[in-house]
Amino acid sequence: MSKNWPLWEIFVRSKNGLEHRHFGSLHASDAEMALENARDVYTRRSEGVSIWVVESSNITASNPENNGELFEPAQDKVYRHPTFYDLPDEVKHM
Amino acid sequence: MSNEQIKNLEEIFEARIARDEKIEPKDWMPEKYRKTHIRQMSQHAHSEIIGMLPEGNWITRAPSLRRKAALLAKVQDEAGHGLYLYSACETLGVSRDELYEQLHTGKAKYSSIFNYPTVTWADMGAIGWLVDGAAIINQVPLCNTSFGPYARAMVRVCKEESFHQRQGFEIMLKLCNGTQEQKDMAQDALNRWWWPSLMMLGPTDAESIHTEQSMKWKLKRKSNDDLRQQFIDQTVPQAELLGLTIPDPDLKWNDEKGVYDFGEIDWDEFWQVVKGHGPCNKKRMKDRVSAWDNGKWVRDAAMAHAEKKEAKKLKEAI
Ligand SMILES: [Fe+2]
Ligand SMILES: [Fe+2]
């Protein structure tokens, strides 16, 4: 019997107040081991105060081929930005 | 896809890189880009992993607790570097198992420098100073390479390398300020590691086949010869500071060019080592493969344990 250890994606919060950020991936037999390995691989120099591990197969990613339909519609919605609105210079604090 | 369409995509792709845009794993890429990156990143990862062996040789015999802790931390870093790079490589759809298989069967190469023996403690100094020094020169430009996961891994690697070189230089410094015997040991280590370190920066430009394409993809920013010159120019003054002599009678400052001239490199030796005939090629592979094989029962047991735990959790949930 030989089964390869699955791949896990590692997210680390560098310090409280910051979000968890993707650091990389590693192989481990289960979540607990993934956490332990992540500590050794990604936080040897106090790079983190909290770790999330997610099995890579559980992540659904958008396909860059669909980037057009996904992200381009935002480009012509300039009215979502404050600079779209013309106000006289006399208006303060806005 | 028609050839016309592929050519079109390739042009868009090359233009993105030329604009300094990063390529991410799921983006369309030419097959050659994917293959070249798998090859270079895995070779790099293998070098980090095999690179642990010559230094691992001295962990139990380090002369003090301070040196032992530092060497242990350095070797652990190299394991980390290997892991960052393997995982970057896996984003291109190749499995860790395939990569190990390529290493263990000799299909994939690793840096030839790790096929030299580490016979004295001074070799730990020379390796940190020269080998990690040459590695840094190779790696710093890769922090800006075009493939995102590779560039990100290299940023982490480069941050960690500087301690490696400094701890090596400190070992040399201590020996050079010690007894005559210790100084001789340091000189002997420099004599043995100098030329292999120069070779580590790769064949001369005239013989380097991948350079042009690699420059375009930012896998390389300077040619091997330029990197080698940079390495020599920065290392010679460091050797002077140690009071050691670089084992090259032709080494001489060239006032006109503002660089050091240096002697002929024995490329026959380099190719012999690359082809598997270096002093330790067989030992390195044997040690690596047996470590992997002997660890199999542990990997299997961990997997079986994980599955059992998972099954128990499921049963309890019902
Ligand atoms: Fe390294
Ligand atoms: Fe290193």
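First the proteins, then the strands, lettered A, B, ... as listed; each starts at 1.
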(message) Is A/Glu47 close to chain B through its backbone or its side chain, or both, or neither, when contacts mean heavy atoms under 4.5 Å?
(response) side chain
(message) Quick check on B/Lys159 against chain A: is it the side chain, the backbone, both or neither that has a heavy atom closer than 4.5 Å?
(response) neither
(message) So for B/Glu310, is it side chain, backbone, both, or neither that comes closer than 4.5 Å to the heavy atoms of chain A?
(response) neither
(message) Only pairs of heavy atoms separated by less than 4.5 Å count here; which of B/His305, B/Arg96, B/Arg152 has the most with chain A?
(response) B/Arg96
(message) Would you call the rings of B/Trp217 and B/His37 parallel, tilted or perpendicular, taking 30° and 60° as the class edges?
(response) tilted
(message) Testing B/Ile171, B/Leu72, B/Ile59 one by one against B/Arg67 for a side-chain contact (heavy atoms from CB on, under 4.5 Å), which residue passes?
(response) B/Ile171
(request) Check whether NZ of the Lys or CZ of the Arg A/Arg13 lies under 6.0 Å from the centre of the six-membered ring of A/Trp52 and within 45 degrees of that ring's axis. (result) no
(message) Using a 6.0 Å distance limit plus a 45 degree cone around the ring axis, check whether B/Arg288 lies over the aromatic ring of B/Tyr100.
(response) yes
(message) If the threshold is 4.0 Å, N to carboxylate O, is there a salt bridge linking B/Arg166 and B/Glu170?
(response) no
(message) Given B/His46, which partner from the list B/Tyr110, B/Tyr86, B/Phe114 fulfils the ring-ring contact (aromatic ring centres under 6.0 Å, His included) test?
(response) B/Tyr86
(request) Counting only heavy atoms closer than 4.5 Å, note whether A/Ser62 contacts chain B via side chain, backbone, both or neither. (result) backbone
(request) Identify which part of B/Phe163 has an atom lying under 4.5 Å from any heavy atom of chain A, answering side chain, backbone, both or neither. (result) side chain
(message) For A/Ala61, which atoms come within 4.5 Å of any heavy atom of chain B: side chain, backbone, both, or neither?
(response) both
(message) Could you check whether any side-chain heavy atom of A/Tyr42 comes within less than 4.5 Å of a side-chain heavy atom of A/Ile51, counting everything from C-beta outward?
(response) no
(message) Please check: side-chain N/O of A/Glu69 versus main-chain N/O of A/Asn66, any donor-acceptor pairing under 3.5 Å?
(response) no
(message) I need the contact set between residues 20-28 of chain B and chain A: heavy-atom distance under 4.5 Å, sorted by residue number.
(response) B/Lys26, B/Asp27
(request) Establish, from distance only, whether the side-chain atoms of B/Glu90 and A/His27 form a donor-acceptor pair under 3.5 Å. (result) yes
(message) With a 4.5 Å cut-off on side-chain heavy atoms, are A/Trp8 and A/Leu35 touching?
(response) no
(request) Counting only heavy atoms closer than 4.5 Å, note whether B/Arg156 contacts chain A via side chain, backbone, both or neither. (result) side chain
